[in-house]
2 protein chains.
Amino acid sequence: MIEYTDLSKPIYDRLKEMIINEELKPGEKIIQEKIAESLGVSRTPLMKALLTLENEYLVESIPRRGIFVRSRDQKEIIDVYFCREALEGMAARLLAEQKDYSIIGQLKDCFTPFVNKKEINPINYAKADERFHKSLIKLTGNAPLDKIYFFSSIHDKVIGHGLVRPPEETMEEHFKIINAIAMGNPEDAESYAREHIRKSRELLINQHK
Amino acid sequence: MIEYTDLSKPIYDRLKEMIINEELKPGEKIIQEKIAESLGVSRTPLMKALLTLENEYLVESIPRRGIFVRSRDQKEIIDVYFCREALEGMAARLLAEQKDYSIIGQLKDCFTPFVNKKEINPINYAKADERFHKSLIKLTGNAPLDKIYFFSSIHDKVIGHGLVRPPEETMEEHFKIINAIAMGNPEDAESYAREHIRKSRELLINQHK
DNA sequence: ATATTGTTTTTTGTATACAAAATGCAATAT
DNA sequence: ATATTGCATTTTGTATACAAAAAACAATAT
């Protein structure tokens, strides 16, 4: 059990929530005293939380001017997908190379609730999707990769746009990735993982033209 | 001209320097009051700098225990090279795709002082190398990529490296990457960029066996 | 009306104060 | 000698205070 003897962690969580559901709107200035009071803390732990959010690019500090909620444009979202393509491709490659077949179950488990179902709940599937992609990274055991993937995916999470493509389409792709890893085929694993992200990205680009 | 009306920036720079040249040794606890006094500031801006360093993984905070200089093992350094391979490969691909030939000069310029030289100053070459790899990322205009590359390369910079391989060996590889970009060939650009990083990584792995 | 200047209010950046927790140390028991 | 306990010291986490900068506003000039 983890205990937090540090207020900045719950404050950080709360602020992130407020940014996600637009209680704090993009471009809005964060008036520290006001927010601190409304959260029942002083500016010190609030500042700590804000600095973490700044490092995650959710918030932007302009010295002597204030801290503002960042607004993310379409280009930035697409740029993130290029990063994800590179990183998830590498992750799939590493998993296929390490030939540790005990992980295959974990990856498959993400989607077992949905196989051969005619109706798929998109909210549950979106959660499963997130778990799958996160596992793909975590299971490599590459800590820096995990760290930087977090940075690239955080934006995406905040944008929050559930699913880019329907489950029927992506499920098959997920299993192609898993199978390539299970077969110990790094080339296929990487190229399927990249294709998967690339397709979503291309859709996003076309949607916005 | 950029003015800093914020002490935490110079403090951050100084702390990073202290970590790099081991004035602060790996594993060492940072006693805030002590360091703050020696730098002539209070704990407030010091804490801000330390939090940034924590987010960059140069320092590790254990709540209620203190903040410690992180020690980086060989595995972590190698793990970073996997990230760099993925990210720089993608950057080279993007540059080749965007077919903006005005950038070619900038990339070549990094190494013009060294072509056809019999004696290459390794310190200068290391600087040029860093500039080249940073430019490769920056020129894509992909801000999230730049951000996360910074996170992956920061470790590398702190380790202090010198060069993994001799200039004679890497110079040719650099020009292969540049030429593929100049030819607008994304496949080659990516694969040469990846090969370049992979070779250094493999050397590091073998050195440590 | 629009600029310009001066004044007040707000807000930031930093220092400092202080309680609670962790650490170090000495005295005692084993 | 090695543990164990209690006490003093150090150090952290948080709140608060305050100067300096920025923003908001009002009064005047153009």
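A, B, ... follow the sequence lines: proteins, then strands. Residue 1 opens every chain.
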Has the side chain of B:Arg70 got a donor or acceptor atom that lies under 3.5 Å from a matching backbone atom of B:Tyr57? yes

Out of D:dA17, D:dG13, C:dA15, minimum distance to the side chain of B:Gln32 belongs to D:dG13

What's the CD1-C1' distance between B:Ile67 and D:dT11, to the nearest Å? 11 Å

Quick one: which of A:Phe114, A:Tyr192, A:Phe132 gives a ring pair (Phe, Tyr, Trp, His ring centres under 6.0 Å) with A:His174? A:Phe132

Upstream residue (5' side of DNA chain D) when B:Ile31 and B:Thr44 are each assigned their closest nucleotide: B:Ile31

Whether B:Arg84 engages the ring of B:Tyr149 as a cation-pi pair (distance to the six-membered ring centre under 6.0 angstrom, angle to the ring normal within 45°) should be assessed. no

Determine the sole option in B:Thr52, B:Leu51, B:Ile30, B:Leu24 for which the side-chain contact (heavy atoms from CB on, under 4.5 Å) test with B:Val59 is passed. B:Ile30

Choosing from D:dT12, D:dA15, C:dT16, which nucleotide comes nearest the side chain of A:Pro45? D:dA15

Answer with base, sugar-phosphate or nothing: what part of the nucleic acid does A:Ile30 contact at a heavy-atom distance below 4.0 Å? sugar-phosphate

Rounded distance in Å - CD1 (B:Ile35) to P (D:dT12): 10 Å

Under 4.0 Å, counting only non-hydrogen atoms across every strand here, what does B:Lys34 touch: a base, just sugar-phosphate, or nothing? nothing

Indicate yes or no: does A:Glu88 engage A:Arg194 in a salt bridge with an N to O separation below 4.0 Å. no

For the side chain of A:Leu7, counting heavy atoms from C-beta on, which of C:dT14, D:dA22, D:dA15 is nearest? D:dA15

Take the protein atom CD1 of B:Ile11 and the nucleotide atom P of C:dG13, then report the distance between them rounded to whole Å. 15 Å

From D:dT16, C:dG13, D:dT12, nucleotide with atom closest to B:Arg43 side chain: D:dT12

Would you tell me if any nitrogen or oxygen in the side chain of B:Arg65 comes within less than 4.0 Å of OP1 or OP2 on C:dT23? yes

The side chain of B:Ser42 lies closest to which of these nucleotides: C:dA22, D:dA15, C:dT14? C:dT14

Roughly, in whole Å, what's the span from NZ in B:Lys48 to P in C:dT12? 11 Å

B:Lys29 NZ to C:dA22 P, straight-line distance once rounded to whole Å: 11 Å

Rounded to the nearest angstrom, tell me the gap between atom CD in B:Glu33 and atom C1' in D:dT12. 10 Å

Expressed in angstrom and rounded to an integer, what is the separation of B:Leu46 atom CG from C:dT16 atom C1'? 15 Å

Distance, rounded to the nearest Å, where A:Ile62 contributes CD1 and C:dT11 contributes P: 16 Å

